[in-house]
Amino acid sequence: MDIIRTIPELKRIIGPVRTSGRTIGFVPTMGYLHQGHLSLVKAARSECDFVVVSIFVNPIQFGVGEDFEQYPRDLASDARMCQEEGVNLIFSPSEREMYPRGFDTRVQVEELTRGLCGRGRPGHFRGVTTVVTKLFNLVEPDIAYFGQKDAQQALVLKKMAADLNMNVTLKIMPTVRETDGLAMSSRNAYLSPDERKAALVLYKSLKQAEELIKDGSRNASKIIDTMKEIITGEPLAQLEYIEIVDTTNLEHIDYMEAEVLIALAVKMGQTRLIDNIIVEVQ
Ligand code: PAF
């Protein structure tokens with residue numbers, strides 16, 4: 001497995017892979033890999049000839065006062081995991097390599113980034129779409145893999161790829177959870193033992209919403225109220241948002257008739273956690 005730091009080196013390897021006709025599977029990450037990332041790598045390994053993982057903590061998707069500096073980093077451990085999963089190449093560039101002096105371009109998806117996490121994190125998705133565009137141009141993947149845990153990111157990136165006629169298929173893989181239901185995330189490493197226990201309210205509230213819908217509830221604001229009670233009942237939790245939206249355009253839904261996305265963001269101490277589920281409404 002190669003660990004590549006620079007764009008010229010990456011191109012030297014990717015060029016021959018492409019011309020030999022091998023398919024490239026790509027898993028973009030910010031590192032500190034966990035089983036959620038590895039599920040994407042496994043999918044890439046089973047579907048593509050050559051698997052690339054990028055590890056880059058992208059500064060332009062973090063806002064002022066967010067956790068860019070503290071974001072956990074452990075390239076040695078990430079490399080071991082990738083090696084075990086049969087990854088062919090890790091691309092782990094420096095900030096300067098990705099954003100040389102004078103870098104002045106941004107990629108922006110407009111409507112889909114206005115709500116949910118886009119409201120509380122202005123500029124976040126612009127940073128994501130910009131870096132992923134650069135990574136797609138560099139790696140030239142046939143298939144790129146993302147997690148459903150970042151549901152809005154997945155939709156935004158699909159829209160970007162479609163609108164800009166990018167030659168890549170995006171596959172969105174299911175959220176991987178700890179045995180008690182907490183969605184896996186590199187940011188879980190920030191949680192104190194008490195916060196880790198308290199963080200279960202996210203999944204608990206989503207499961208409760210799912211139960212209510214199964215039992216016939218169709219009024220979104222009633223379901224959101226029940227979820228809010230669960231979240232605000234946990235003293236360590238500060239609710240940012242709970243929303244029930246259309247799974248394709250993220251527009252608010254009042255009365256549920258078809259599949260919906262239920263998404264929430266909660267701060268547990270200093271740590272911002274997100275989670276979501278898609279519920280089929282019969
Ligand atoms: O989901 C992430 O880890 C990041 O947002 C991504 C897609 C790697 C872009 O930096």
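Counting convention: from 1, in listed order, for ligands and their atoms alike.
The side-chain hydrogen bond (donor to acceptor under 3.5 Å, both in side chains) test with Asn276 singles out one residue from Lys149, Gln152, Gln148, and that residue is Gln148.
Applying the 6.0 Å contact sphere to NZ of Lys204 captures no more than 12 heavy atoms from other residues, nucleotides or ligands.
Between His124, Gln61, Met30, it is Gln61 that holds the heavy atom closest to atom 9 (C) of ligand 1.
Only the backbone of Thr29 comes within 4.0 Å of ligand 1, counting heavy atoms alone; no side-chain atom from C-beta on gets that close.
For ligand 1, one of its N or O atoms has an N or O atom of Gln153 under 3.5 Å away.
Here the closest non-hydrogen pair linking Leu264 and Ser205 is CD1-OG, 3.6 Å.
Residue contact check: Val131 has heavy atoms under 4.0 Å from atoms 9 (C), 10 (O) of ligand 1.
Ring pair Phe56/Tyr99 is tilted by interplanar angle, where 30° to 60° counts as tilted.
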